[in-house]
A.B. asks: 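After the structure tokens below, expect a handful of questions from me.
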Amino acid sequence: MVTEARLFLPNVDISHIKQESDDLAKVSAVLQKFRESHSETWKKFIQHICMDGDLPMELETQLLSLTGEGAEGISWERFLAGEFKGSSRRKLVSTNRYKKQIVNTILKKYGFRDNKKPDQMFVDPLIHTIKMTKVKQRSKSGNKIFSAAEDITDSVKMAQMFHQSNLSKTHTILLVGMPGTGKTLLTHRIAHEWAGGGFGQFQLTFLFEFRQLNLIKTQFTLKELLFNLFLKPETDLEEVYEYIIENPQQVLIIFDGLDEFVGKMSQDFLQISQDLKQVVPISEMFQNLLHGKVLSGCTVVVTSRSKILLMMNDLLDLVDCVAEVLGFNEQRVQEYVRSFFPEGSLQQQALLYLRDNHKLMHMCFVPALCHIVCKCLKHMLPMPPENTQLPQTITQFYLKMLNIFIRKKQMSYATEGVVLKRLIAELCNLAFNGLKENKTVFYDEDISDALKKFAPHHHLLSTFDVKKMDSSIDPGYSFVHLSSQEFFASLYLMMSKTITHNKLNTKLSLKSKWNMKFKTKEEFTDNFHIFLSGLSSTECRSFLVELSENQKVLVEKKQETIMKYLHKMADTNLSGPKLIELCHCVYETQDTHLARSIGSHLERYEFKNFRINPVDMTALSFVVSYGDNLASLDFGGCSMELDCLVVLEKCENIRSLSFRNKKYGDAFAQALSKCLRNMNCLKNFRLTAGRITHTAIDALREAFLYCQQLQEINLQDNSLKSTDMLAFLDLFPKMDTLKHMDLSNNEINANSTLTLTKAASKCPRITDLKISVEPKTAIFKSDLAIPVSSPQVKRRRRDGPAQSIKKTLSLASCELTLEHIPQLVEILTDCPHICDVNLSDNPLGDLGCKVLVDALPKINIYGKLSLDKTELSAEGILYLVGSMISCPNVKQVEIRFLQQTAVIHFLTDREDGHRSIRINECRMSLKLLEKLCIVLQKCKGLSDIDLSDNSFENASICHITQILHELPDLRSMNFNGNKINICEIIKLTECLSTVDNMTDLAISYLEHQNVLVKFQRKTREKTPKSDEDTCGVLKTFSLQMCRITSHKLQRIFRALERCSKLTKINLSDNALSCQNIENMLKFLPRFPNLTFVNFNNSDLSTNCVLLLANSASFCDRIKEVDIRSAEHMCLHLEMQQRAKEVLIRLNNCNLGKNDVDQLVKVFQQIPNLIEVSMCMNKLYEDGILSLLSALCSCSNVTAVHACLHPKETVRILFSPNVDSLKEIRLAECNFQPEHFKRLLSVLNDCTNLTHFISKRNRNFLDVYSDCLAVLSRSPYGVTISIHEPSVRLEHIIDLIHANSHFVPSVKAIRVRKNKVILELKGRMDCTQSDYIALAQSPKWPLSTGDIPPQETPIRDRHCRNALDGDARKPLGL
């Protein structure tokens, strides 16, 4: 006791207590020390003594009373004096008497007496505790099957789970497990062990079975539950009950089979505290016990099948400990067999038979099946060897047992065959109706007298006492196990005449056996569909026909129905647990054709977070092995015993195998390595999230060598050391098919990175390497993998690897520093074929990058070197740029300083020698720029420089322009986003004249300032001479989107005028004013080679338009003024010579009738003007007439074409060889009477007019006679063309009849479609004979010939389209 006290009082000196000779004095001294300490320490010590010490119950009760947790608080002095209250003593005595009564009952009912009888044997099953956090996470995530996949510990004892940390709080233990794993037997064993003196912390133990509680329909109190439904005290009931209420921590209550409970659980009626005298249903009483509303502090043990966790999530909040009952392993099976069989040859035969038959051994891992197997062995082993073939499935075992039983009875009583079958049929009917009604306990009235005598006698039913509320006892019956009831129920479906094959089809389902939360399950339970599948096999047919009284056709149809259903289920999307269930069903049939069909449908098997036992693996292996396709098996978070891998070892038909569980260790990996040796078709292997060491690594490596088709190995998250990973990398040279190896999330640091990189660089087959420390990544790839059957394998092994192999190395985020660079350089130098190297996110710093750059001439890189986020300073940029000098193979240096990106690109053998530098987003000081310029001068073959977004300081451009002569291969320079001022712009502009090979300077201010300079290489290869070579380097200048003043524009032009080779100027989008445009025009004569000037989106006022129209007078080389709108304004010039002809286009210039006179004056000042086009202005009818009137006096005008609709189009043709206006075309004009007067005046003034065309002019026919009168007076002949839809020949004849004095002037009339052409003679051509002929003949000559129209060349397309008539089709009169 003194030793135990030291653990709780580490800081208190109690060494002197050992010197006391009297034990009572020692105890009193120790307890006094605790009394003087903190009260919590005192309570913990007393609880520890009571839990672990073997104390008399009376002393334990008194000690607990000292802490205030007993029935009645006892003072320290009274305790030492031995005083104790009489009432408490009487309660304790009565309780001890009741305890003996319970002990005798339990020992009599659950008599595990030295394991002498098979029915009373007990072998401890495997029990694994589970962390509550994982259980709750799985239940909330909705996994189909509960699993202890990740957090299992070694098998534990029940005593460990009974340990309580708080005696005032109810301690709940939940035991879960699959059917037949021994949960019920374990509860009996707990009760039996307590009755034998174990679990001394409990004064009383109560055991209830839900299958019996289901029979209680009335409500009851806690007292009635404990005494009426379990065992009533023979005396002193009230004192015992009071003791229980006052000492709940000494009470153990066991509830067995929660999954069999048919009542409804609900949280609605839970109270803060329950009145002990209040009657409630069993469901409410059960929940109140768990919640601690009644008997708070007691210990409650609940057993259930695993699926209860998914149905009752709230139950997990009340549970302190969850454990899974797993059943047996091989050691426990052998222990059970030794207990079942007496020592001797039969025992040894049974053990040897199970060791040699792995399938049978794995089936025995389920204790319920182990018992059945032992019974079969006991019957069959004494037989001759040819008759000892045991069944292979659960169904066959049950049938075998039943068949043995029937054969025995028939041999003993030959006349009982019919009666026996009838009793078996009645037993099957009882089982089926029980499941349908959720009933597992049966009364006398449920069973016939014959069956009562028959079934219990032959252990087909078990009998027990059913307690009623009045403490009376009725006999009860149940099947020995729920699985037995399921078997007989499925047998009923197959042999019953009332169940047709169509009805049977409605009973089949692989869906969950549970409905909604807190609701009862459906009529079918876990193994029902498995038994039905087993009964559908052909091996069972004869037995089923015999039991069904020769109903062979009905049995065959039912078996066929089940087979079709299983085929159908293979085509559905099944979860992992349902896949296992389907495999169990197929395995039970033992039908290889069915297995082949279903295995061909199921190529990928994915299992997550549930336990897989050897029996499951056996069923899975059966389906996979017979399938035509290679299967992919993925076990994620599934716990499994090593025996599962023994089963998998015989399954060769696997393409991909994946395991993920953090509890997989060396033992698992070693067992798995044995399994891999036979998998010749395996291509992908994953073993992740485990804990393997070098012990298992050698076994795995050796196993991989047997897998000649293996392409991918994934060993992530296995706590591998660098030496372990090196061992796996050694597989690449030995495995020609290996493509991918993932060793991520293992021990990866800077040193291991270099170690792995060195090994990978020396392996010719590894072509791609990716390693990082954060996140921990290590991926190795090979692009050289070839099929093992390929003839290249032998050739490669003979000749060695190809020398053209190129590697990609990614070492980003590997925590590499300056001290690691020498070793890295050594690795890269020894690797002859490197494509890309990525060293991003490593703190190399300036010096680290410098050392690396200096070593580049020794390193053969054909792709790029990435140095992003390597803590590079602005000064460090110079080191990277310097690689252009030290390493001739550097193609491009690309740096984005703010984004911390830096990449060096290298030349390949097939690329030209163009080299470029790109430095962006660096706030480059003038001092840094000076150093950069010095470096740039030394770079040979530099063709492109990008210095965008560097925020240049003033005078920065000056330094750059000074080195342009030193860069003969330069093709472009980019200065975008540097906010270069106008002085720097002018400096660049001057370079057009001073730098011979500078060809283009483009400046714009769209969103940011963009400055691009282009060059022509001085060292280009000689080619045949072109015009460009003859004239020298042609140059262009562009300034856009700049609101420039007149003064600045003049400065730019002064800088440009020294550039004699300037051919194009672009001043678009600068909103040039009229003054700016005038200044520009004055400078144009100073550029002899200038051919084009663009100034879009500039001033388009009338004055500016007139100025541009007269631009030819400023510069006689202008050959075209092209103004189509404000968005299109440009001038075209002849190079080095005067323009021969001038063309003016003034479209969309808002010209009106008031501008006509000034325009005509401008036209008269341009002697070589040949054409003017004015479209989409605002002249209208008045303007057109004013224009005609003004042009009549112009000597060089030859034709005027005008059309007002749909777009106003005016075209004027000029010719220096013509004296006056010859042709007028008017179309689509809306002339009013006053307009016609002006038109007639114009026609009268045009004495040399030869053609007049009118096309669709409104009301023109009204003045046609006046027009004819005016034109008939012309001294020369005139051709009048009228293009009107309504004009007809009759109109013209009537008009001439009405004006007979015109007849001598008419030369001919020609009619075409919608067109009439009237040819008039000039007055000088008419003779007296014409008038005589007219008087003598009633008709005048009318020609039907076709005179080709006299067309004047039209250069403006818009005018031509507007004025051209319809298709010319002559019409004879």
Side-chain angles (χ1 to χ4, degrees), residues 924 926 929-930 932-934 936-937 942 944-948 950 952-1005 1009-1018 1028 1031-1068 1070 1072 1076 1079-1095 1133:
M924 197 171 291
L926 191 59
L929 185 62
E930 291 175 359
L932 178 62
C933 290
I934 295 174
L936 292 177
Q937 291 181 72
L942 190 59
D944 299 286
I945 300 175
D946 187 345
L947 298 177
S948 303
N950 286 307
F952 283 160
E953 297 180 0
N954 293 334
S956 296
I957 295 297
C958 295
H959 288 283
I960 296 174
T961 56
Q962 292 173 7
I963 67 169
L964 294 180
H965 297 281
E966 307 295 331
L967 303 173
D969 297 309
L970 197 62
R971 295 190 303 182
S972 69
M973 290 191 75
N974 191 341
F975 300 105
N976 295 344
N978 285 304
K979 299 180 180 179
I980 302 175
N981 58 35
I982 189 62
C983 296
E984 304 286 285
I985 293 294
I986 292 175
K987 276 289 182 183
L988 280 175
T989 305
E990 291 174 350
C991 290
L992 278 172
S993 58
T994 57
V995 180
D996 294 338
N997 64 329
M998 183 174 173
T999 59
D1000 298 274
L1001 174 59
I1003 306 162
S1004 66
Y1005 293 82
Q1009 186 187 60
N1010 296 322
V1011 180
L1012 179 63
V1013 185
K1014 293 184 180 181
F1015 301 83
Q1016 186 183 77
R1017 294 180 60 189
K1018 292 182 180 180
E1028 181 179 332
C1031 301
V1033 179
L1034 303 181
K1035 306 188 177 188
T1036 65
F1037 174 80
S1038 176
L1039 177 64
Q1040 296 178 266
M1041 305 293 290
C1042 178
R1043 300 285 181 176
I1044 193 167
T1045 63
S1046 178
H1047 174 70
K1048 292 180 180 179
L1049 184 63
Q1050 289 185 25
R1051 290 182 61 187
I1052 291 174
F1053 271 107
R1054 290 193 188 100
L1056 287 172
E1057 67 181 345
R1058 291 190 287 271
C1059 181
S1060 59
K1061 303 299 182 181
L1062 189 66
T1063 59
K1064 295 180 181 180
I1065 297 177
N1066 184 5
L1067 298 175
S1068 301
N1070 292 312
L1072 297 181
N1076 283 339
N1079 293 334
M1080 177 190 70
L1081 294 176
K1082 292 178 181 179
F1083 276 96
L1084 294 185
R1086 306 180 189 182
F1087 304 106
N1089 291 298
L1090 188 66
T1091 60
F1092 181 75
V1093 181
N1094 186 6
F1095 45 95
L1133 297 87

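The figures here come from the full heavy-atom set of this structure, side chains too, leaving out hydrogens, waters and symmetry mates.
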A.B. asks: Which heavy atom in Ser956 sits nearest to a heavy atom in Leu929, and how many Å separate them?
C.D. replies: CB-CD2, 3.2 Å
A.B. asks: Please name the pair of heavy atoms, one in Leu1090 and one in Val1093, separated by the smallest distance, quoted to 0.1 Å.
C.D. replies: CD2-CG2, 3.5 Å
A.B. asks: Mind listing the closest non-hydrogen atom pair of Lys1035 and Met998 along with its distance?
C.D. replies: CE-O, 2.9 Å
A.B. asks: Please identify which of these residues, Val995, Ile957, Ile1003, Ile960, meets the side chain to side chain contact (heavy atoms under 4.5 Å, CB included) condition with Leu988.
C.D. replies: Ile957
A.B. asks: Applying ring-ring contact (aromatic ring centres under 6.0 Å, His included), name anything that partners Tyr1005, two or more places apart in sequence or on another chain.
C.D. replies: none
A.B. asks: Which pairs with one or both residues in residues 1035-1054 pass ring-ring contact (aromatic ring centres under 6.0 Å, His included), sequence neighbours excluded?
C.D. replies: Phe1053-Phe1083
A.B. asks: Nearest heavy-atom pair of Thr994 and His965: which atoms, and what distance?
C.D. replies: O-CE1, 3.2 Å
A.B. asks: What residue pairs, at least two apart or across chains, pass side-chain hydrogen bond (donor to acceptor under 3.5 Å, both in side chains) with a residue in residues 975-985?
C.D. replies: Asn954-Asn981, Asn974-Asn976
A.B. asks: Determine whether Ile1044 and Leu1067 make a side-chain contact, defined as any pair of heavy atoms from C-beta on separated by less than 4.5 Å.
C.D. replies: no
A.B. asks: What I'd like to find out is whether the side chain of Thr989 reaches to under 4.5 Å of the side chain of Leu1056, using heavy atoms alone.
C.D. replies: yes
A.B. asks: So which atom in Leu964 and which in Cys991 form the shortest heavy-atom distance, rounded to 0.1 Å?
C.D. replies: CD1-SG, 4.2 Å
A.B. asks: List the steps and the verdict of side-chain contact (heavy atoms from CB on, under 4.5 Å) for Leu1062 and Asn1089.
C.D. replies: CA-CA 6 Å; Leu1062 189 66; Asn1089 291 298; over 6 Å; no
A.B. asks: Please find the pair of heavy atoms, one from Asn1094 and one from Ser1068, that lie closest to each other, and give the distance.
C.D. replies: ND2-OG, 3.0 Å
